[in-house]
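Note that the coordinates shown come from a computational prediction; the quantities given were computed from them, not determined experimentally. Atoms considered below: every heavy atom in the structure, side chains included; atoms not considered: hydrogens, waters and symmetry mates.
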Amino acid sequence: MKAYWYDNVEGDQRLPHDSGRALSEAELAAVGVTYSRHPTLATVDKLAAERGYRNRDEITVSPEKMGDVYEEKVKNFFSEHLHEDEEIRYIRDGAGYFDVRSRGDEWMRIYLEKDDLIILPPGIYHRFTTSESNYIQAMRLFKDEPKWTPLNRSNELDENEHRKAYVQQFS
Ligand code: KMT
Ligand code: NI
């Protein structure tokens, strides 16, 4: 894991976009984002059990796996959105970037590799992209039915209960 302020420079979203200004785990925690590292599945199983996560699947995002729709998928993952549920991702192989909004509405970029696990709280605005490697394999953890419908950023979402709860807790 490596976290830093996004540089906001035009260009391929899959480039590092590293401003050179690093972010600490504490700064991520301040917006509700939790990071942990799991060299084996045992501690992931424990975390899942403790939080009541009974289900999981695995997704591979790569041109090999997705074929023609890969570029379109990558673009879609990168549109700013939130979820009404936590988003937990455990990286099994490859690498990618999660961008999350800071309190001041700037992008904080988090580079994740194999064995990294991230928990995004409900209501946080974020986006995802593969890196230049164009390959990531991730485990997605969920409680019951996955509620991963991305809700794209809009002023109407200011009234969403999950968004309101997030803003109340983290700003
Ligand atoms: C998401 O929610 O953006 C994804 O699941 C992306 C692929 S998992 C790293
Ligand atoms: Ni998402």
Side-chain angles (χ1 to χ4, degrees), residues 1-19 28 31-38 41 44 47-48 51 53-102 105-157 160 162-163 166:
M1 192 278 276
K2 182 184 172 189
Y4 49 84
W5 293 100
Y6 188 77
D7 66 7
N8 290 309
V9 173
E10 290 291 309
D12 195 311
Q13 65 193 49
R14 287 166 281 200
L15 294 171
H17 288 280
D18 188 349
S19 65
L28 297 180
V31 295
V33 173
T34 312
Y35 163 79
S36 51
R37 188 168 173 79
H38 301 267
L41 258 181
V44 175
L47 181 149
R51 299 176 89 92
Y53 281 70
R54 278 171 228 91
N55 298 300
R56 55 183 68 173
D57 68 6
E58 290 211 8
I59 180 173
T60 301
V61 184
S62 71
E64 286 70 31
K65 193 80 184 181
M66 293 181 160
D68 289 348
V69 300
Y70 174 73
E71 291 294 329
E72 188 191 329
K73 286 271 184 197
V74 165
K75 271 202 200 85
N76 288 344
F77 284 138
F78 204 60
S79 59
E80 181 171 3
H81 63 277
L82 60 75
H83 308 283
E84 298 190 338
D85 246 339
E86 282 182 334
E87 180 166 321
I88 306 189
R89 298 289 182 268
Y90 175 45
I91 313 307
R92 307 292 279 143
D93 201 9
Y97 299 106
F98 280 89
D99 294 339
V100 301
R101 286 291 189 185
S102 71
D105 215 19
E106 300 291 329
W107 285 118
M108 305 161 94
R109 174 156 278 203
I110 307 160
Y111 178 67
L112 295 178
E113 303 173 274
K114 185 178 183 321
D115 298 341
D116 289 339
L117 183 148
I118 195 164
I119 308 176
L120 306 184
I124 192 172
Y125 278 117
H126 66 279
R127 62 188 184 186
F128 169 79
T129 184
T130 44
S131 69
E132 287 171 279
S133 70
N134 287 300
Y135 171 65
I136 192 167
Q137 191 182 330
M139 181 184 287
R140 306 187 290 192
L141 286 81
F142 48 102
K143 286 176 180 157
D144 301 304
E145 287 305 300
K147 277 186 269 172
W148 292 324
T149 312
L151 303 176
N152 287 326
R153 186 159 180 170
S154 74
N155 290 335
E156 280 103 83
L157 275 181
N160 178 285
H162 297 83
R163 178 63 186 166
Y166 174 79

ask   = Taking atom CG of Leu47 and atom CG of Leu41, what is their separation to the nearest 0.5 Å?
value = 11.5 Å

message = Assess whether a salt bridge exists between Glu87 and Arg127, defined as any Lys/Arg side-chain N lying under 4.0 Å from an Asp/Glu carboxylate O.
response = no

remark   = dist Thr129:OG1 -> His17:NE2 (nearest 0.5 Å) comes out at 8.5 Å

ask   = Cut-off 3.5 Å, side chains only: do His81 and Ser79 have a donor facing an acceptor?
value = no

query = Closest approach of Trp107 and Asn8, non-hydrogen atoms and distance?
reply = CD1-OD1, 4.1 Å

inquiry  = Here's a test for you: under side-chain hydrogen bond (donor to acceptor under 3.5 Å, both in side chains), which of Glu106, Glu80, His126 qualifies with Arg101?
reply    = Glu80

ask   = Donor-acceptor pair, Tyr166 side chain versus Val31 backbone, under 3.5 Å?
value = yes

query = Once you round to the nearest 0.5 Å, how far does CG of Leu141 lie from CG of Asn55?
reply = 9.0 Å

query = Once you round to the nearest 0.5 Å, how far does CG of Leu82 lie from CG of Leu120?
reply = 11.0 Å

inquiry  = Taking the six-membered ring of Tyr125 as reference, does the cationic atom of Arg153 (NZ for Lys, CZ for Arg) lie under 6.0 Å from its centre and within 45° of its axis?
reply    = yes

task = Could you tell me whether the side chains of Tyr111 and Asp18 share a donor-acceptor contact shorter than 3.5 Å?
result = no

key: Heavy-atom pair of closest approach, residues Pro121 and Gly32   = CD-O, 3.2 Å

key: side chain to side chain contact (heavy atoms under 4.5 Å, CB included) assessment of Arg54 paired with Asp144   = CA-CA 7 Å; Arg54 278 171 228 91; Asp144 301 304; 3.4 Å; yes

ask   = Is it true that the NZ or CZ of Arg109 lies under 6.0 Å from the centre of Trp5's six-membered ring and within 45 degrees of the ring axis?
value = no

note = Interatomic distance, OG1@Thr130 vs OH@Tyr97, rounded to 0.5 Å, equals 9.5 Å

message = If you compare all heavy atoms of Tyr70 against all heavy atoms of Asn134, which two are closest, and at what distance to 0.1 Å?
response = OH-OD1, 2.6 Å

query = Which atom names give the shortest non-hydrogen contact between Ile124 and Arg163, and what distance separates them?
reply = CA-NH1, 4.0 Å

ask   = Do Arg89 and Ile136 have side chains that get closer than 4.5 Å, going by heavy atoms?
value = no

Nearest-0.5 Å distance, CG of residue Asp116 to NZ of residue Lys2 = 13.5 Å

Only pairs under 3.5 Å count here: list side-chain donor-acceptor contacts from residues 59-68, not counting sequence neighbours, and write none if there are none.
{"unit_1": "Ser62", "atom_1": "OG", "unit_2": "Lys65", "atom_2": "N", "d": "3.1"}

key: Ile110 backbone acceptor or donor facing Tyr35 side chain under 3.5 Å   = no

remark   = Per ring-ring contact (aromatic ring centres under 6.0 Å, His included), Phe98 is matched among Phe78, Tyr6, Phe128 by Phe128

task = Search all heavy atoms of Met1 against all heavy atoms of Ala3 and return the closest pair with its distance.
result = SD-N, 3.7 Å

query = Side-chain contact, heavy-atom cut-off 4.5 Å: Glu86 with Tyr53?
reply = yes

task = Using the side-chain hydrogen bond (donor to acceptor under 3.5 Å, both in side chains) rule, pick out the option among Lys114, Arg92, Glu58 that qualifies with Gln137.
result = Glu58

inquiry  = Show, in sequence, the C-alpha distance, side-chain angles and deciding distance for His162 and His83, and conclude whether the side chain to side chain donor-acceptor pair (under 3.5 Å) test is met.
reply    = CA-CA 8 Å; His162 297 83; His83 308 283; over 6 Å; no

key: N/O donor-acceptor pair under 3.5 Å between Gln13 side chain and Val74 backbone   = yes

